[in-house]
Amino acid sequence: METSETLRNKCAACFRQFNKIEHLVEHMRTSYHSVHEPMCGICKKHCRSFESLREHLIGPLPKQECKNIFNLRGCKFCLTILDSPNARRIHQERCQFSSVNGLIGRFANLGFRDNLTMDGYTREPQVVALACKMVGGGSDGSLDLCGKVCIIDEQENIIFHTYVKPQIPVTNCRYETTGIRPEFLRDAMPLKQVQKKIQDFLCNGEPMWKIRPRTGRARILVGHGLDHDLDRLQVEYPAIMIRDTAKYPPLMKTSKLSNSLKYLTQAYLGYDIQTGIQDPYEDCVATMKLYNRMRSQVHRREDCPLASDPQNRNNFASWRQNELERMSPEEMMALSRSDYYCWCFD
């Protein structure tokens, strides 16, 4: 039974209750609750990720009231609550992305494209998605080597799409999943040439040391597991310009581990990828769609939206303990900020 004291010590975001107000203060100090967290459209509970919100709504142990309403008016892709079952039907038809256009584009563009220098330098930062398919090197074929790479723009047009010739011998083309044969790599573009083309294209005339988000010409790079892809391509790029769907907190599992791109595409976009022989174009399209879905989240604007901003450094400082203990949960929530960069800022 909730008493007036436990209600006073109830977190305004995740609804966790504490016996003492000082325990609630410590929770707020370390939780980084914010308006950028996924939130239940019914009870307004904040969740760590969309996976956590999904469990809250339709998981094995959901909140029953929220589950009942969600079953009638909730979109299973973006987890939004609509005004009526009919509104949900109309919304979900638009919300479910179709893979048809992507597949047509993929099979129509199996030839190689190299438009990295076609447009020259542009003034405004652009968003591009990159994906690779790996072949095997080493004595047992387990060493990942980039065998094919693709870059697309926001409209899913292919900018760069080519086989890559690794610097060491390929011992396993992994044909069953990559569709790559040894003869495809024999006269392919050398890795060093691919690396330079991609590096120059991403920086877009901006020196590496000068790259800053939203202020220069460098491009935002979208992908899934980009650390691995860029390492295999031997490309360096600042983390502030990378949007990785494998490391974005709202898209991660409740255990803070990464979801696969295959799962994210099926759960949040509504279609299947990586069935049979795979092409990096398909992965590029999926990550770009996921990025645009996350970027389109509407959150309340704040002057200093990150916990790391200097203006927020003392919000939950220990020397303010007595002052914080006199605040209501809602007042403490108003002080709290996110500890990750939300893509809605883009």
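In this chain, residues are counted from 1 in sequence order. Since we're looking at a predicted model, the values are computed, not measured.
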Next item on the list: Is it possible for you to say whether Tyr263 and Leu290 belong to one hydrophobic cluster, with membership spreading through side-chain heavy-atom contacts below 4.5 Å?
Entry: yes
Note to self: Using 0.5 Å steps for rounding, measure from the OG atom of Ser258 to the CG atom of Leu264.
What the structure shows: 8.5 Å
Notebook entry, point to check: What pair of heavy atoms forms the shortest contact from Val149 to Leu233, and how long is it?
Noted result: CG2-CD1, 4.2 Å
Check: Charged N to carboxylate O under 4.0 angstrom, Asp153 versus Arg219?
Finding: no
Margin query: Do Leu79 and Pro38 make a side-chain contact, defined as non-hydrogen atoms from C-beta onward lying under 4.5 Å apart?
Written below: no
Check: Is there any salt bridge (charged side-chain N to carboxylate O under 4.0 Å, His left out) pair reaching into residues 61-89, and which pairs are they, with sequence neighbours excluded?
Finding: Arg89-Glu93
Next item on the list: Verify the cluster assignment for Met39 and Tyr268: are they in a single hydrophobic cluster under the rule of side-chain heavy atoms below 4.5 Å apart?
Entry: no
Next item on the list: Keeping the roles fixed (side chain from Ser142, backbone from Gly138), state whether a donor-acceptor pair exists under 3.5 Å.
Entry: no
Checklist line | Salt-bridge contact Lys289-Glu156 (side-chain N to carboxylate O under 4.0 Å) | finding: yes
Notebook entry, point to check: With no hydrogens and no angle check, do the side chains of Arg337 and Gln311 hold a donor and an acceptor under 3.5 Å apart?
Noted result: no
Check: Do any N or O atoms from the side chain of Tyr237 and from the backbone of Leu202 form a donor-acceptor pair under 3.5 angstrom?
Finding: yes
Notebook entry, point to check: Does the Asn9 side chain pair with the main chain of Asn19, one donor and one acceptor, at a distance under 3.5 Å?
Noted result: yes
Next item on the list: Apply side-chain contact (heavy atoms from CB on, under 4.5 Å) to Lys262 and Thr275, showing your working.
Entry: CA-CA 9 Å; Lys262 183 182 179 73; Thr275 57; 3.8 Å; yes
Check: Does the side chain of Val285 reach to within under 4.5 Å of the side chain of Ile273, using non-hydrogen atoms?
Finding: no
Next item on the list: Heavy atoms only: give me the nearest Met208-Glu236 pair and the separation to one decimal.
Entry: CE-O, 3.2 Å
Notebook entry, point to check: Heavy-atom count around Gln297 CD within 6.0 Å, excluding the residue itself: above 12?
Noted result: yes
Margin query: What I'd like to find out is whether the side chain of Leu191 reaches to under 4.5 Å of the side chain of Pro166, using heavy atoms alone.
Written below: no
Notebook entry, point to check: If you take all heavy atoms of Arg243 and Ile240, which pair is closest and at what distance?
Noted result: NH1-O, 2.9 Å
Item checked: Residues Ile58, Asn71; criterion side-chain contact (heavy atoms from CB on, under 4.5 Å); working and verdict -> CA-CA 8 Å; Ile58 52 177; Asn71 285 340; 4.3 Å; yes
Checklist line | Asn86 atom CG, over 12 foreign heavy atoms within 6.0 Å | finding: yes
Next item on the list: Measure the shortest side-chain to side-chain distance between His224 and Leu251 over non-hydrogen atoms and say whether it is less than 4.5 angstrom.
Entry: no
Notebook entry, point to check: So which pairs with a foot in residues 286-328 pass ring-ring contact (aromatic ring centres under 6.0 Å, His included), sequence neighbours left out?
Noted result: His36-His299, Tyr291-Trp343
Check: Checking side-chain contact (heavy atoms from CB on, under 4.5 Å) against Phe77, which of His91, Gln266, Gln92 comes through?
Finding: Gln92
Check: Would you call Gln274 and Thr265 a side-chain contact if the rule is heavy atoms closer than 4.5 Å?
Finding: no
Notebook entry, point to check: Is Phe345 reachable from Val127 through a run of hydrophobic residues whose side-chain heavy atoms are each under 4.5 Å from the next?
Noted result: yes
Next item on the list: For the pair His23 and Arg16, evaluate side-chain contact (heavy atoms from CB on, under 4.5 Å) and give the outcome as yes or no after the intermediate values.
Entry: CA-CA 11 Å; His23 296 161; Arg16 186 175 172 186; over 6 Å; no
Margin query: Please tell me whether Tyr32 and Met294 are part of a single hydrophobic cluster in this structure, the criterion being side-chain heavy atoms less than 4.5 Å apart.
Written below: no
Check: Counting only N and O atoms by type, is there a donor-acceptor contact under 3.5 Å from the side chain of Asp231 to the main-chain atoms of Asp227?
Finding: no
Item checked: Asp229 side, atom CG; Cys132 side, atom SG - distance, nearest 0.5 Å -> 4.0 Å
Next item on the list: Check Ser336 against Met28 and note the closest heavy-atom contact, atom names and distance.
Entry: CB-CE, 4.0 Å
Notebook entry, point to check: Do Arg48 and Met252 come close enough that some side-chain heavy atom pair is under 4.5 Å?
Noted result: no
Item checked: Verify same cluster id: Ile69, Phe50 (apolar side-chain graph, 4.5 Å) -> yes
Note to self: Between Gln193 (side chain only) and Pro190 (backbone N and O only), is there a donor and an acceptor less than 3.5 Å apart?
What the structure shows: no
Item checked: Non-hydrogen atoms of His56 and Cys40 that approach each other most closely -> NE2-SG, 3.5 Å
Next item on the list: Using the side-chain contact (heavy atoms from CB on, under 4.5 Å) rule, take Phe184 and Cys173 through it: C-alpha gap first, then chi angles, then the decisive distance, then the call.
Entry: CA-CA 10 Å; Phe184 298 168; Cys173 285; over 6 Å; no
Next item on the list: For Lys196, look at atom NZ and say whether over 12 heavy atoms of other residues, nucleotides or ligands are found less than 6.0 Å away.
Entry: no
Check: Are Phe18 and His27 close enough that their ring centers fall under 6.0 Å?
Finding: yes
Next item on the list: Supply the atom-to-atom distance Gln278 CD to Lys148 NZ, rounded to the nearest 0.5 angstrom.
Entry: 11.0 Å
Item checked: Flag for Tyr248-Asn259: side-chain donor and acceptor within less than 3.5 Å -> no
Notebook entry, point to check: Rounded to the nearest 0.5 Å, how far does CD of Glu37 lie from SG of Cys342?
Noted result: 10.5 Å
Margin query: Does any part of the side chain of Cys344, heavy atoms only, come nearer than 4.5 Å to the side chain of Val298, both counted from C-beta?
Written below: no
Margin query: Checking the side chain of Gln199 only, and the main-chain atoms of Val235 only, is there a donor and an acceptor separated by less than 3.5 Å?
Written below: no
Note to self: So, taking the atom named CD1 in Ile151 and the one named CD1 in Ile159, what distance separates them when rounded to the nearest 0.5 Å?
What the structure shows: 6.5 Å
Note to self: Using the rule side-chain hydrogen bond (donor to acceptor under 3.5 Å, both in side chains), only one of Asp279, Asp144, Asp283, Thr177 pairs with Lys133; which is it?
What the structure shows: Asp283
Next item on the list: Work out which heavy atom in Arg313 is nearest to a heavy atom in Ser308; give both atom names and the distance.
Entry: NH2-O, 3.7 Å
Note to self: Would you say that Phe160 contacts Val194 through its side chain, given a criterion of any heavy-atom pair below 4.5 Å between the two side chains?
What the structure shows: yes
Notebook entry, point to check: Looking at Tyr175, does the NZ or CZ of Arg181 lie under 6.0 angstrom from its six-membered ring centre and within 45 degrees of the ring axis?
Noted result: yes
Check: What distance do Leu221 atom CG and Ile242 atom CD1 have between them, rounded to the nearest 0.5 Å?
Finding: 6.0 Å
Next item on the list: Taking Glu325 for its side chain and Ile21 for its backbone only, find out whether a donor-acceptor pair lies under 3.5 Å.
Entry: no
Margin query: For the backbone of Gly41 and the side chain of Lys44, can you confirm whether one donor and one acceptor N or O come within less than 3.5 Å of each other?
Written below: yes
